[in-house]
Number of protein chains: 2
Amino acid sequence: MTSQYKASRFATPRDMPEQTYRLSNVCLPAPLSMGELETFSAISRQVSPLRKRHTLFEQGEAFRSLYIVRCGSLKQVYRDITREEHVTQFYLPGEVVGLDALSSGFHPGATIALETTSVCEIGPESIEELAHGDRTERGVGGCFLRVMSRAMHQERMMVRLFLNRTSDVRLASFLLALSGRFRQQGYSPFCFRLSMSRSDIGNYLGLAVETVSRLLGRFQHLGLLTAKGREIRIDDLEALAALADGRSRHSIWDTADEAPERLASMSTH
Amino acid sequence: MTSQYKASRFATPRDMPEQTYRLSNVCLPAPLSMGELETFSAISRQVSPLRKRHTLFEQGEAFRSLYIVRCGSLKQVYRDITREEHVTQFYLPGEVVGLDALSSGFHPGATIALETTSVCEIGPESIEELAHGDRTERGVGGCFLRVMSRAMHQERMMVRLFLNRTSDVRLASFLLALSGRFRQQGYSPFCFRLSMSRSDIGNYLGLAVETVSRLLGRFQHLGLLTAKGREIRIDDLEALAALADGRSRHSIWDTADEAPERLASMSTH
DNA sequence: CGTATTCTTGATGGTAATCAAAGCGGGTGG
DNA sequence: CCACCCGCTTTGATTACCATCAAGAATACG
């Protein structure tokens, strides 16, 4: 499972240099750092693996435990009053599931395995322990607070990402976030498999399925990546990051290495 | 300060009935409940009032204290790599400022008074106390966790609100959230003054200033509210809520009580 | 091997951003 | 007290982006 890639550096936002927080990192919840993960693991217990499409818990279910993803992945789906479904989060290995249920005592959304997935359970007694653990800010209690604060901040940056940015920026950010996560987990950041469908991605990013598909097509056409079904190979990470950070010159169409005459014809319309 | 309106009910999401969480409530952070407010107040100390445009702290400043808004209001502004400014939050009385700095130890955005504002400071020692207070989930520590979890959930619902919904829904939700906040603070939920500019609202909601202005015009035209500069009077709360929850019949233009011929002409275009 | 999702591709229209310019305050100084 | 000026707000015209509708292609699954 942990293979050729060494999880070299953990991009904890501790060392925030001049507040250059990159939007390209906010599309997924922050995983736990190594130390945090150990802390959590020490008091958690494995539960039997979840098969694809099976739920860890349903929407509205009473909160019982937190979970940490061991391997596999899940999506959180919130069904609103109009029965419409919204994918509110993807959970990848190392991430904590269920924090958003602490306030109300009920899970605000169903959480569904995208593939065979195994998680660790942190029961109420352990949560108690975590929250009140010891009195140093570095200790377990502080750790818990930090995890929540980070999650909150991340959600907020997510809002920003979606508010002004265009569809290409959103998708690029999402892919980069995935890539970064895989790197941290010791997998290749360049070659990975999407465990979620285009439809899930679109729903999550607030884009139509068709738009996701078209964008992947364009990215591919521009040499940013190669997409074959759910297999993704990132060919130009730097350019993708430039796109995600809004540093790219003019959105999408004009990367100029191809179809310049189409550009000309479009500008005269 | 606390005047004619009695703060009758606190809409804490504790009693979540069948998960019908209304989007119209998520546009602003949840204020503390009465009990929570008392808890926090007990260990906080007043600081000198902040005048309009003055900052409580700058972006990137090291975290020192949490604050609770006593009266007045603030906006949080995040300046990204491209020097663009994003209004990430408005803080109204009863709300906790600074929670998002706990993870990194640095404030992710500057926080600026929109009017003369006074806050209470919760120093590090008190935070310690809050986080580790006593061992019952009902106690101070649990309270702290709940506040954060709620904030997190709210940010998430905010994302949902913005992703698919149209501009009119966003603005209606925002106004309703404001209205609800004023009600809870004991002020009239129907008549209030916006402490923020149209530009701030637009930035916060991801809309152009012009759009905000136009929408307010339309709302007024439809008899939903009366807007005179920054003074707002809500004339039809029910209709506004219907709009915010997507229960309104056809977005905006077709409320049929006026200008039906314009409708006809538009549909033929 | 057939059926059903899932994914891609094209055509069209609506919503809201952008550009442009004209009112409106409201504070400051004459 | 009035006039001026600057920021805020409103209004109009144009355009770009993306959702939607509609097939068709590919892939998964039994």
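Residue numbers start from 1 in every chain, and the chains themselves are labelled A, B, ... in the order their sequence lines are given, proteins ahead of strands.
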Pairs flagged by salt bridge (Lys or Arg N to Asp or Glu O under 4.0 Å) wherever residues 108-119 of chain B is involved - sequence neighbours left out: none

Heavy-atom distance under 4.5 Å between the side chains of B:L205 and B:L171, does that happen here? yes

So B:T111 and B:T55, do their side chains get closer than 4.5 Å, heavy atoms only? no

Distance check needed: [N] [atom2] versus [X] [atom1], whole Å only.
X      : N      : atom1 : atom2 : result
B:F162 : C:dA17 : CZ    : P     : 12 Å
A:L114 : C:dT6  : CG    : C1'   : 15 Å
A:D168 : D:dA19 : CG    : P     : 12 Å
B:E84  : C:dA17 : CD    : P     : 13 Å
B:M196 : D:dT9  : CE    : C1'   : 16 Å
A:L207 : D:dC17 : CG    : C1'   : 11 Å
A:L216 : C:dC7  : CG    : C1'   : 10 Å
A:L194 : C:dT8  : CG    : P     : 10 Å

Could you list the residues that satisfy side-chain hydrogen bond (donor to acceptor under 3.5 Å, both in side chains) with B:N203, not counting sequence neighbours? none

Can you tell me which residue among A:Q76, A:H107, A:Q89 is in a side-chain hydrogen bond (donor to acceptor under 3.5 Å, both in side chains) with A:D100? A:Q76

Quick one: stems involving DNA chain C, counted as three or more successive Watson-Crick or G-U pairs, both distances short of 3.5 Å. C:1-6 with D:25-30, C:8-22 with D:9-23, C:24-30 with D:1-7

Using 30° and 60° as the class limits, which term best fits the ring planes of B:Y187 and B:F182: parallel, tilted or perpendicular? perpendicular

Crowded around B:R193 CZ? As in, over 12 foreign heavy atoms under 6.0 Å? yes

Could you go through nucleotides 2-5 of chain C and list every protein N or O atom that sits under 3.5 Å from one of its N or O atoms, giving the distance for each pair?
none

At under 4.0 Å, does any side-chain N or O of [X] touch on OP1 or OP2 of [N]?
X      : N      : result
B:S167 : C:dA16 : yes
B:S213 : D:dT9  : no
B:R198 : D:dT10 : yes

Select base, sugar-phosphate, or nothing to describe what B:G206 touches, counting heavy atoms under 4.0 Å on all strands. sugar-phosphate

What distance do A:E85 atom CD and A:R83 atom CZ have between them, rounded to the nearest 0.5 Å? 8.5 Å

Kindly indicate, with the supporting measurements, whether the criterion side-chain contact (heavy atoms from CB on, under 4.5 Å) is fulfilled by B:I234 and B:L237. CA-CA 6 Å; B:I234 293 181; B:L237 194 74; 3.8 Å; yes

Test log, rule side-chain contact (heavy atoms from CB on, under 4.5 Å), inputs A:Y67 and A:L56: CA-CA 9 Å; A:Y67 302 90; A:L56 187 54; 3.7 Å; yes

Does the C:dT9 base have a donor-acceptor partner in the side chain of A:R218 within less than 3.5 Å? no

Indicate for each nucleotide in nucleotides 22-30 of chain D, in 5' to 3' sequence, whether protein heavy atoms under 4.0 Å reach the base (B), only the sugar-phosphate (S), or nothing (-). B--------

side-chain contact (heavy atoms from CB on, under 4.5 Å) against B:V69, all qualifying residues, sequence neighbours excluded: B:L74, B:Y91, B:P93, B:V97, B:T117

Mapping B:S199 and B:R214 to their closest nucleotides on DNA chain D, which lands nearer the 5' end? B:S199

Of the candidate nucleotides D:dT10, C:dC7, D:dA19, which contains the atom at the shortest distance from the side chain of A:R230? C:dC7

Trace of the salt bridge (charged side-chain N to carboxylate O under 4.0 Å, His left out) decision for B:D235 with B:R233: CA-CA 6 Å; B:D235 297 321; B:R233 180 161 53 83; 2.6 Å; yes

